[in-house]
Structures are given as structure tokens and as C-alpha cells.
Participant: 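So that we are looking at the same thing, I have put the structure below in C-alpha cells.
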Amino acid sequence: MGGSAPRRVHQPPVETTSFVDRRDELAEGRRLLATARLVTLTGPGGVGKTRLAGRIAARVERAFPDGVRFAHLAGLHDPALVPLAAADALGLHDHSEQPPLDTLVEQLRDRRLLLVLDNCEHLLSACAELAAALLHGTTGVRVLATSRHRLALTEEHLLDVRPLPVPDPDSDLSAAATYPALALFADRAAAVAPGFALTPDNRAAVARLCRRLDGLPLAIELAAVRMRVLGVDQLVARLDDRYRLLTTGSPAVLPRHQTLRAAVDWSHELCTEAEQLVWARASVFAGSFDLEAAEAVCADVGPDPDGRADERHHKPEGVHPQDVLEAVAGLVDKSVLCREGGPGTARYRLLDTLRHYGLDKLRQRPGEESAARRRQRDWAQEVAVECERRWFGPGQREIVARLRADQDNLRAALEFSLTAPGEARAGLGLAGTLWFYWHACGAPREGRYWLDRALDAHPEPTRERARALWVAGLLAGCPEDLTRGRHRAEDARALARRLGDPAEVAHAEYLLGLMALFGDDLPAALEHYEAAVARNPVDGQLPSLAVLDQVELAASLAFLGHTDRAVQVCEDAHRLCEEHGEEWVRSYVLRVLALAYAERKEWDRAEPHARDALRRKLAVHDVIGIGLTLDLMVVITAARGAHERAAVLLGGADRVWAGIDGNRFGSTTYNSARKESETRVRAAVGPGVFERAYRRGGGLGLTAIVSYALQEAGKPVVPGPRRAEGNPHPDSVRADPRLASLTRREREVAELVAEGLANQQIADRLVIARRTAEGHVERILGKLGFSNRSQIAAWVAARR
């Protein structure tokens, strides 16, 4: 497993088609963001607000040292999740009990970044509250929102995104290709009818068609897809027939909305019955989905004679699982589904307008919506159970990437379970099964949100409740609220004993020992974990927690000075992790091994283990683990006399902890060595040098500070001269294996990204097509596990 963070989804949507010229809006958006801190792109559905926001954000990215992040809100329904989604998009990992908005403002107070809030119209009050808090509580944060309605804040500047201009079909059309609406149609039509182009013979008909569609980009794209089977004149004639039907429609409906509805209706009618049904059922997905998910949710199966679901007894009017692929392919061909790249597989997404349309169609079928949402929840449960089963083993980075890609769908499954009658127990089970995702992968606050709701919704004494209690305690007690964590663990243990469930008893007891360790009661922690390790793991016990019992035993031994035995316990645990190909628990084993050698002041032996631990923790985005290991790296680096470097690490560690909990558990055991090292470093380098180095570290993001920590003091990450040929230097591969995953051209593109070049500039420099350049950047992000161009630049700079 490499040392990169898993690819997150908080970035502009991948553009799979060309972007039609909106030069004026791009310029105006950049101008507004230069002077205003809140800019909202408004306009009707299908006008292209999201793509325009992504382009504007890309153009201004260099003005924001802390980056540009997208919070995609289309899949959210609960206003309480808006600040959590924003924090997740910003890479903040709050464990505190403060109100989410207060914590968000506190963590962003000194940052300069752009937050894009996409699709705000259904969560206006929550988005307005978030924007207002950021505007009033920070000085360097700017907000770019997309919404069909304004947020109604006094600081808000509006950019009205209008439909594309269309020329008069009866006017001089010699310059027709300069009109974006006509250019858009020609581009999309050529994709399905190779060789199509605007000509003197067809441009009047194309202009008439685009005018009929009011210049709405989505409507034009949907119409252009029909060029696969129709000519332009046929297209205009059939569209005219549809618009005649609108003359008796409600006068209260805006003409532009009628236009879009008519275009979508027409696309719907041209779908097969199976495609229509898959479209409707896929609308319950709140985010992107893969084919396996579509087959689980969109196929229509009925009970067999014994009352069990079986695809051999599907309803005759429904969709057989084997037909879903063909329906999905047809919907992609018709531009109803957008195809996206994903973690290891192709994924699909409904545009928000088309998703709402599909939901309307689904609700016209009695019982269909609840059935589809239940299937979607059952699919989410199966995914969670399978990921948990595989967690103690190889492929953890891929598991994290998969769950992050399905994050909105997991939220939708939880929301359905906690609001639909009779489904709360299933929701509690889903929230508890995802313990490793909430705890290990930087999503504790959201995990607590769902677990608290689920525990309230299902108070009955069940195994699901016992599991959820200790998971909620783990998320509360790591690192802030030890009292709440202990109470949750005691309640979980009592319930598990009552139910006769030894596995959940063992899980709760792991947490009780952890609370003793974090609470500085080392003798109690040692006694607890000695007993836990002495007994064999019970049936059903999570293997990760069984090995973590050994890790915490070793930590207790190391802190109490029994370092020889601590090393022995770690080596035994490390062998077990290696046998299973496990990475996350191994990172804790390596950290405690480094701690034991540090307690013995064997710094040369401690540092390699700490580096290895950091690399593995970043791979799954274990933010608490990264903070703990950076603190240990400070101690090791300071002890080796690299005081200025230790000051940089101090700044970076404090920034990481500021996004978790500034108290660092409030634990003397965990904090004393780090505090002593800070005092020694300040005295060694003096206040001026210390502050400069500390600020430098504090200005690095999570990936950048880990990359810095992984360098050897005084040496670059990649030793030796840069080589002109395609193969990397052997030493550079050993220092960072990710380099070997990049082709020669991708390394060239990464260098140009680091120089600050946009995709078009890269294309011009390398004499390649813009789309080719965009593809290279996307592949680089995927291979390195990064989420934005700034991380590529930081990685290249660190390698230099």
C-alpha cells in the first residue's frame, strides 16, 4: 500500500464533455470573487451552474493557498448534515462536542480558501447559516454557491447564469458557430453522429431548435442525443409537436421550466420501459453508483413460492437483474446517466434535475419508492458488512475509497432507516457496522451524529444496540469526552452480557481499557490489557480489536518503562498483521514500536518505525493516528538535534490536531514528551527561527506535512539527479513508490501542474489536446491518491 491519502470526492465533477464558452460569466465570476466573499450562481435547473462553478474555481485556485474544495449537497436532505459535509469537504476532522458551525469557524479562522457549496436550493436556511458563520467568523474564507434561489444574505453577490444566447433563425447565420448554444448542439451531435457539423444547409434548423429549447444547455444536450437516429429537421418537427402540448399547461409555470420539462419528458418517452424503470429507481441514489449497486436496487424481483426473494421469480412487468446493464447503457447513450470514473470501476450519476424527475415518476407508482429505498438500504448494508469483513486484511485503501465514493448513498440509507416506520433497527445495525469507517478514516463527527440518532430511534435491547453503544463511546472518547466514552462502554458491556454476546462484551472492554489509558491510569490499563491478551479471542470478535488489545498492552508497558516486553508484544502483533496483509492496525503497532525505542532513547531504531506508521496511516486517512505519530516524530527529531526541522513538524502537528481536538486527549501520558521537546526546540533555535519554522509547518496541509515528515533530515525525498528517460531512478522508487506508477508523460504533466499551469496551458506546452491534458491530470490524481492540483504541486515540490 502506498503512502497517499485515499482519493476523496470533494472536487469539481469530472467533465466528460467539452465546456461551451461562457467567457463573460467566467470573467464576471472571477471579478466578483476578487472583491466579494460570497458569490452565488443562480439560474434554472439545467442551465449549467455546477460546471460554471467548477471552471471559476479552477481559474481562481492559485489565489487560495489553502485550496479550493467542493461540498456537493444535492444528495443531502437533513439540514444538520450541511456543516458536517462542509467540514468533510474541507478535510477537517472534528471530534469535539461543540456545535459543528462553531468548530468549523474556529478551525478555518486563519485559513485562506474557497469553499464551493453546490446545489443549495433545497437546504437554503442551513446553507445561509453556514455561509454567514464563515463570513463573520473568518477573514480568509470565501464561498461560491450554486442555487436556483439566492441565499438572501446582505453580503451575497449574485451572478445570474442565463441560458445560452441563440440567434434569430431567420437572420444572417454566417457566424452561427460563434453562438455557444449552436456550438454545444454541434459538439454533442457530432459525438453521436460522427461527421456532423454546422453547415449553411442546417444552421437555421439548429438555431430554431435551440431557440425552442430556450438555450438551456441540459435541454440542448438531451435533444442532440437524438441525432443518432433523426436528422435536424425531423428533430425540430417532433419537438414542435411536443411544445404544442404545452399550450394548455398551467400559466403559473415559468416558460423556461416548461421548456426543460418538455425536453426531459421527451427523453423519457424515447426510453424503453426497462430504461424508464431503471431511471426512476436509480433516482433513490443520492450520489454516484456502480453497476453492482444498480443491479441490486433497480432490478425487480418478487418472492418465490417459499416467500424468499429470487431473481427467477421477478415480476413480469419489471426489470430482470440481467437486463440492468443494457438499461444503464441505454441511459448513458441518451445522456440521462453521466458516466464517471471511480475506485476500480465505472460509476454513474443522474444530474440533479433528472434525479428529481425520476423521483416524481417513481412516486407515481404506489409502493415503488419505499421498496426502492429499502433495496438501496439493504445494498448499503451488504456493502458495509463486506467491507467490515475484509477490513482486517489487504486492500484497506480500496475499501476506504469505495466507502467515500458511496458516502452520499450511505447517508441516504441511514436517513431512510431512521425515518421510515419499522426500519430503525436496520439503521442502527448499519451505523454500527461502519465503526471502522467512522473511527479509522477521519469521519468521527458524522459517525456520532448517525449513532446518536439511531440509538434514540431504537432503544430496544438488541445486539445492534450493544454494538452501537461501544462504537458511539469510541467516537466520543477518542479523544475528548472520556466520561461519555466510559459510560457508553459500560452500557454496551452490560447489555452484551445480558444478551449473552461475548464478542460485543470483548469490544466494549477494549474501549474501557482505552479510556483508562487515555485517562492516565496506566496501572489499570496494564492490568486490563494483560487480562484481555491472556484470553484467546472469542468467536465473533473483530480481529482488528483483538490485535489492538495487544497494541494497547504494548503502549501501557512502554509508558511504564517495560520496553523490552513492549517490543516483544509489538513484534508478535506485527507478525499477525503481516500474515493477513493488514495495514491500519499495523500502523499502530509500528507507532508503539517506535514509542518503545524512543523510551529507550534508541532514536535511530525509533524513527524508521515512526515513518512507516505515518505512511500507512495516511493511506487510510487515519487523522488521529497521524496526529499522534507526528507528535512522536517531534520528540525523535528534537532528540536527534534537528531542532528547526522539529519546529516545522510541531507546526504541522498542531494544525492536524486543531482539526481534531487541541487538547490531544488532555492526557499527560501522551503529551508530556512532546511538550518537553517543544521547550527544548524553542531554546535551541531562538524565538525568531522557531516561529518561522513553526509557521511553515502550520501552512502545510495533511498530505504535505506527512510528506515532509517522511523525508530524511537534510535529504530530499528523491536522491540523485533528475533523469530524462522514462524510467525513474531506482532510489526514487524506493523513496516514494508512487513515482513508478506515473508514466513519463504523466510526470511531465505533474511538473507543469506544479508550475501553476492550467489544463489548456499544459495542452499548449505539450502540443496535445485539452481533453488529453485533463485526462492526464485526472489519472495523476487517482494514482497519487490526491483530491486537488495543489496536492500535486506540494508533492512535486517535496520531491525536488
Participant: If every non-hydrogen atom of Cys120 is compared with every non-hydrogen atom of Leu117, which pair is closest and at what distance?
Facilitator: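 Closest heavy-atom pair between Cys120 and Leu117: SG-O, 3.5 Å.
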
Participant: Can you name the closest pair of heavy atoms from Arg238 and Leu230 and give their distance?
Facilitator: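 Shortest heavy-atom contact: CD-CD1, 3.7 Å.
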
Participant: Above 12 or not: heavy atoms from other molecules or residues under 6.0 Å from CZ of Arg779?
Facilitator: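 Enclosed: over 12 neighbouring heavy atoms sit under 6.0 Å from CZ of Arg779.
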
Participant: Answer yes or no: is there an ion pair linking Arg349 with Asp408, defined by an N-O contact shorter than 4.0 Å?
Facilitator: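 So Arg349 does not pair with Asp408 through a salt bridge.
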
Participant: Can you tell whether the side chains of Arg211 and Asp170 come within less than 4.0 Å, N to carboxylate O?
Facilitator: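 Judged by the 4.0 Å cut-off on N to carboxylate O distance, Arg211 and Asp170 do not form a salt bridge.
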
Participant: Working note: Lys361 + Glu368, criterion salt bridge (Lys or Arg N to Asp or Glu O under 4.0 Å); need CA distance, chi angles, decisive distance, verdict.
Facilitator: CA-CA 10 Å; Lys361 292 294 184 182; Glu368 275 279 2; over 6 Å; no

Participant: Applying side-chain contact (heavy atoms from CB on, under 4.5 Å), name anything that partners Ala74, two or more places apart in sequence or on another chain.
Facilitator: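 Residues passing side-chain contact (heavy atoms from CB on, under 4.5 Å) with Ala74: Asn119, Asp352, Arg355.
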
Participant: Taking all non-hydrogen atoms of both residues into account, name the closest pair between Leu430 and Ala380 and its distance.
Facilitator: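 The pair with the smallest heavy-atom distance is CD1-O, 3.9 Å.
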
Participant: What is the ring orientation for His122 with His77, classed by angle as parallel under 30°, tilted 30 to 60°, or perpendicular over 60°?
Facilitator: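 Rings of His122 and His77: perpendicular, as their planes differ by over 60°.
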
Participant: What I want to find out is whether Arg402 reaches Glu398 closely enough, with some N-O distance under 4.0 Å, to be called a salt bridge.
Facilitator: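 Not counted as a salt bridge, because no side-chain N and carboxylate O are separated by less than 4.0 Å.
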
Participant: Between Lys49 and Asp118, does any side-chain N to carboxylate O distance fall below 4.0 Å?
Facilitator: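 Answer for the salt bridge query: no.
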
Participant: Is the shortest side-chain N to carboxylate O distance from Arg374 to Asp378 below 4.0 Å?
Facilitator: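 Answer for the salt bridge query: no.
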
Participant: Side-chain donor-acceptor pair under 3.5 Å between Tyr437 and Glu446, yes or no?
Facilitator: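 No, no side-chain donor-acceptor contact under 3.5 Å.
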
